[in-house]
Amino acid sequence: MSTEIYEKVYRLATIDFHSKTLKGMYPYLQVLDEILSYTTIVSKADLGLVDIPIDQIAGTKTAGRTNAFASNFMPLLPKDSEFAAKWCRLYEAHLEEGIREPIRAYEFMNRFYVQEGNKRVSVLKYCDAVTVPAYVTRLIPEPDDSDESKIYYEFLDFYENTGINYINFSQPGSYSKIVEQTGAESDHVWTDLEKEQFHSSYIRFTKVFEKKGGNKLSLTLGDAFLIYLEICGYEELEQKSEDEILQDITKIWSDFVFYPQKPEVRLLMNADPSAEKKTLVKRILPQSSEPLKIAFIHAKTAETSSWTYGHDLGRSHLEQVLADHVEVRSYFQADSPEEEAACFEQAIEDGNSVIFSTSPKLLDISIRYAIKYPKLKILNCSLNTSCKHLRTYYGRLYEAKFLIGAIAGIMSQSDKVGYIADYPIYGMIANINAFALGAQMVNPRIRIYLEWSKLKPEHRTDTLSDISVSFVSGRDFIKPEEGSLEFGLYNTVGDEPVNLAMPVWNWGVFYEQTVRSILNGTWKQELPKGKNQSINYWWGMSSGMIDVICSTRLPSGMVQLVELLKKNISSGDFKPFPDITAEEIVTMDWLADNVDGTIPTINDLAEEARPVVEVQGVAKAKEQDTADVQEDDGEKDE
């Protein structure tokens with residue numbers, strides 16, 4: 001029987017050998033000594049006895065046995081050779097009692113090279129073994145700027161805390177992301193129970209993924225596992241059956257196919273001008289007797305968050321203008337993962353078919369429910385989100401900030417203006433720079449002194465008081481009952497602040513237009529079939545979603561200037577950032593020359609700010625925290 005098996009493995013070896021040869025590839029086992037001949041090793045580490053994944057054994061340490069095996073570790077020597085006889089005896093022994101004697105191997109760049117035990121590995125590979133015990137010596141190469149080197153050094157940190165060597169990635173930053181998905185801190189040393197849970201989840205996922213055909217795709221199993229966790233969740237995976245995992249994988253299959261390319265972010269900059277025309281046509285057609293059920297899911301409440309209060313005003317506008325066609329419900333205090341899920345579950349149980357989640361904090365849960373319920377129309381209030389499973393919306397607030405900056409530049413007599421920002425997220429940096437450019441347009445000498453309100457106490461400064469700044473751009477708006485006048489652009493001179501101008505978010509404009517597009521059938525037309533795109537609505541002054549309100553305290557000439565600039569921005573004749581693309585404005589991570597300040601890292605921020613920045617933060621906000629994030633546009637009091 002063993003000789004018949006050897007003939008089979010010999011055929012597997014020759015097939016692999018000829019296939020590699022025809023493709024111009026090296027047909028034998030990789031030889032570590034040859035690789036090391038052009039590599040600088042900076043240190044070695046004895047890992048002791050560990051289980052190593054069979055599929056990560058890439059070759060042999062020395063060239064002595066190179067020609068005995070094809071690159072798939074199947075034997076190339078003929079069946080009448082002494083080598084073949086030894087292979088067969090080893091195979092029979094494995095069937096009877098299993099191969100227990102550890103091999104000896106070297107680990108280099110998270111690949112293993114056998115020093116002793118090549119035939120054991122060959123037999124185990126043929127028998128579809130998953131791991132083999134081995135005494136391992138790690139060889140650590142000198143780091144360089146290549147992605148391969150970055151990934152390996154990230155693996156070393158990951159391995160030190162987890163002891164896990166079976167997961168591989170093709171993109172830098174992935175090891176820290178996978179740790180983040182498990183909910184563990186980056187420096188946490190994993191317990192045996194945590195390792196077992198992770199391994200069980202990984203095996204259950206990869207089994208289903210490979211059954212679906214995922215092993216034919218170009219990404220690694222680690223890449224696929226990370227994609228799945230980012231979209232569907234780690235804790236949720238533990239509770240799912242294989243059928244449920246397969247359903248998830250099927251729904252997000254394109255995410256695996258296109259990896260590492262994410263869906264193209266398609267910015268829709270203005271409302272569809274044809275929507276109103278089609279609405280007029282719709283009026284002469286029979287109306288559905290059933291109103292469209294719409295849910296608004298908010299973090300905090302309208303009483304405790306000015307951000308939520310603004311969106312709730314938008315909800316009120318929607319109900320007023322489309323009262324006969326919609327039924328609207330609001331769900332508040334989606335502030336923890338459990339509360340988020342409870343709000344979504346209740347909204348779905350209540351029969352809503354359209355869901356607006358009004359905070360970037362709710363992006364991840366929104367994506368998960370969009371995948372779980374693909375027939376729902378779910379929109380999240382965030383910016384630059386690359387996910388084709390839902391749509392996002394935001395406003396070009398920088399247009400209003402430019403105008404307010406121009407007012408500050410004219411009104412200030414000290415060439416110093418303050419700017420208080422909160423979250424270093426997408427769009428926020430554009431707001432700061434637009435304000436600075438608007439001020440500089442009317443006063444070339446002016447400087448903008450930047451402070452951040454969401455820093456840890458030890459990182460906060462009081463620069464604005466120290467340099468006696470009299471005009472400050474603060475929060476966009478406040479909660480109704482708060483009573484503070486420190487919002488918009490205000491003058492700090494005197495007994496109490498004096499407001500001069502403020503930006504306005506007219507969320508009702510977006511909600512009305514979007515719901516009309518659903519009612520009149522233009523919603524689906526915005527996404528071309530077959531396109532790997534993510535729709536982000538990013539409306540500005542031209543739509544009426546963004547505006548500026550001027551105080552009666554402003555001189556009439558200045559109000560006229562603001563109205564002129566507003567008209568030109570709305571028409572497109574004037575652009576605050578004339579020489580860069582919309583995408584570059586969204587992802588802006590630099591400050592204008594006349595801004596004194598820096599963009600904080602996530603580690604500088606107060607704990608309350610981390611959830612928003614982890615989802616929507618600009619690149620520099622992640623310098624000290626390797627998790628990749630996205631972020632949001634505008635100043636919010638969440």
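Scope of the values below: all heavy atoms of this structure, side chains included, with no hydrogens, waters or symmetry mates.
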S.K.: Asp604 vs Lys456, test: side chain to side chain contact (heavy atoms under 4.5 Å, CB included). Steps then yes/no.
M.R.: CA-CA 6 Å; Asp604 296 331; Lys456 293 177 180 176; over 6 Å; no
S.K.: For Ser254, enumerate each residue passing the side-chain hydrogen bond (donor to acceptor under 3.5 Å, both in side chains) test, keeping only those at least two apart in sequence or located in another chain.
M.R.: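 Ser254 satisfies side-chain hydrogen bond (donor to acceptor under 3.5 Å, both in side chains) with no other residue.
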S.K.: Considering residues at least two apart in sequence or located in another chain, which fulfil the side-chain hydrogen bond (donor to acceptor under 3.5 Å, both in side chains) criterion with Asn568?
M.R.: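 Residues passing side-chain hydrogen bond (donor to acceptor under 3.5 Å, both in side chains) with Asn568: none at all.
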S.K.: Inspect the surroundings of NZ in Lys567 and state if more than 12 heavy atoms from other residues, nucleotides or ligands are less than 6.0 Å away.
M.R.: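 For Lys567, atom NZ is not crowded (no more than 12 foreign heavy atoms under 6.0 Å).
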S.K.: Check whether any side-chain heavy atom of Met541 sits under 4.5 Å from a side-chain heavy atom of Leu403, and report yes or no.
M.R.: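 Answer yes - side chains close enough.
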S.K.: Could you give all pairs that pass the salt bridge (charged side-chain N to carboxylate O under 4.0 Å, His left out) test and reach residues 369-384, with sequence neighbours left out?
M.R.: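 Only Glu345-Lys372 qualify under salt bridge (charged side-chain N to carboxylate O under 4.0 Å, His left out).
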S.K.: Strictly by ring-ring contact (aromatic ring centres under 6.0 Å, His included), give each pair with a member in residues 541-576 just once, sequence neighbours left out.
M.R.: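 Found Phe402-Phe574.
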S.K.: Only counting residues at least two apart or in another chain, list the ones meeting side-chain hydrogen bond (donor to acceptor under 3.5 Å, both in side chains) with Asp312.
M.R.: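 Here the qualifying residues are Arg315.
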S.K.: If you look at every heavy atom in Ser542 and Ser570, which pair is closest and at what distance?
M.R.: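 What the structure gives for the nearest pair is CB-O, 3.3 Å.
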S.K.: Measure the shortest side-chain to side-chain distance between Tyr511 and Ile294 over non-hydrogen atoms and say whether it is less than 4.5 angstrom.
M.R.: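 Of all side-chain heavy-atom pairs linking Ile294 with Tyr511, none is under 4.5 Å.
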S.K.: Can you list every pair that meets salt bridge (charged side-chain N to carboxylate O under 4.0 Å, His left out) and has a residue in residues 408-418, with sequence neighbours left out?
M.R.: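 For residues 408-418, and leaving out neighbouring residues, the salt bridge (charged side-chain N to carboxylate O under 4.0 Å, His left out) pairs sorted by first residue read Asp415-Arg445.
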S.K.: Taking the side chain as C-beta and beyond, is there a heavy-atom pair between Gln171 and Tyr259 under 4.5 Å?
M.R.: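 Sidechains of Tyr259 and Gln171: in contact.
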S.K.: Quick one: does Phe356's side chain get under 4.5 Å of Phe510's, heavy atoms only?
M.R.: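 Phe356 reaches Phe510 side chain to side chain.
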S.K.: Which label fits His311 and Trp507: parallel for a plane angle under 30°, tilted from 30 to 60°, or perpendicular past 60°?
M.R.: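 The arrangement is parallel - the two ring planes meet at less than 30°.
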S.K.: Could you pull out all residues at least two apart from Phe435 that satisfy ring-ring contact (aromatic ring centres under 6.0 Å, His included)?
M.R.: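 Tyr419.
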S.K.: With sequence neighbours left out, what residues match Phe577 under ring-ring contact (aromatic ring centres under 6.0 Å, His included)?
M.R.: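 Partners of Phe577 by the ring-ring contact (aromatic ring centres under 6.0 Å, His included) criterion, ordered by chain and then number, come out as Tyr398.
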S.K.: Going through the checks in order, is the side-chain hydrogen bond (donor to acceptor under 3.5 Å, both in side chains) test met by Thr392 and Asn536?
M.R.: CA-CA 5 Å; Thr392 61; Asn536 287 209; 3.1 Å; yes
S.K.: Give me the atom names and distance for the closest heavy-atom approach of Asn594 to Ala436.
M.R.: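 Where Asn594 meets Ala436 most closely, the heavy atoms are ND2-O, 3.1 Å.
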S.K.: May I ask you to test the Thr301-Thr308 pair for a side-chain heavy-atom distance under 4.5 Å?
M.R.: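 A side-chain contact under 4.5 Å is absent here.
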S.K.: Return each pair, listed once, that meets salt bridge (charged side-chain N to carboxylate O under 4.0 Å, His left out) where at least one residue sits in residues 423-439; pairs must be two or more places apart or across chains.
M.R.: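 Non-adjacent pairs meeting salt bridge (charged side-chain N to carboxylate O under 4.0 Å, His left out): zero.
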S.K.: Side chains of Val354 and Val515, heavy atoms from C-beta outward: is any pair under 4.5 Å?
M.R.: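 No, too far: nothing below the 4.5 Å cut-off.
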S.K.: Using distance alone, with no hydrogens and no angle criterion, decide if Asn520 and Thr522 have a side-chain donor and acceptor under 3.5 Å apart.
M.R.: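 Looking only at side-chain atoms, Thr522 and Asn520 do form a donor-acceptor pair, the distance falling under 3.5 Å.
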S.K.: Would you list the atom pairs, donor with acceptor, under 3.5 Å between side chains in residues 543-552 and any protein atom, with sequence neighbours excluded?
M.R.:
unit_1, atom_1, unit_2, atom_2, d
Ser543, OG, Gly540, O, 2.8
Ser543, OG, Met545, N, 3.2
Asp547, OD1, Lys566, NZ, 2.8
Ser551, OG, Asn499, O, 3.4
Ser551, OG, Arg553, N, 3.0

S.K.: For Asp364, give me all partners under salt bridge (Lys or Arg N to Asp or Glu O under 4.0 Å), at least two apart in sequence or on another chain.
M.R.: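 Checked Asp364 against salt bridge (Lys or Arg N to Asp or Glu O under 4.0 Å); zero matches.
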S.K.: Evaluate whether atom CG of Asp573 has more than 12 neighbouring non-hydrogen atoms of other residues, nucleotides or ligands under 6.0 angstrom away.
M.R.: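 Atom CG in Asp573 is crowded, with more than 12 foreign heavy atoms closer than 6.0 Å.
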S.K.: Return the minimal non-hydrogen interatomic distance between Gly409 and Ile446, and the atom names on each side.
M.R.: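 Minimum heavy-atom contact is CA-CD1, 3.6 Å.
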S.K.: Under the rule for side-chain hydrogen bond (donor to acceptor under 3.5 Å, both in side chains), what residues qualify as partners of Asp255, not counting sequence neighbours?
M.R.: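 Asp255 satisfies side-chain hydrogen bond (donor to acceptor under 3.5 Å, both in side chains) with His389 once adjacent residues are dropped.
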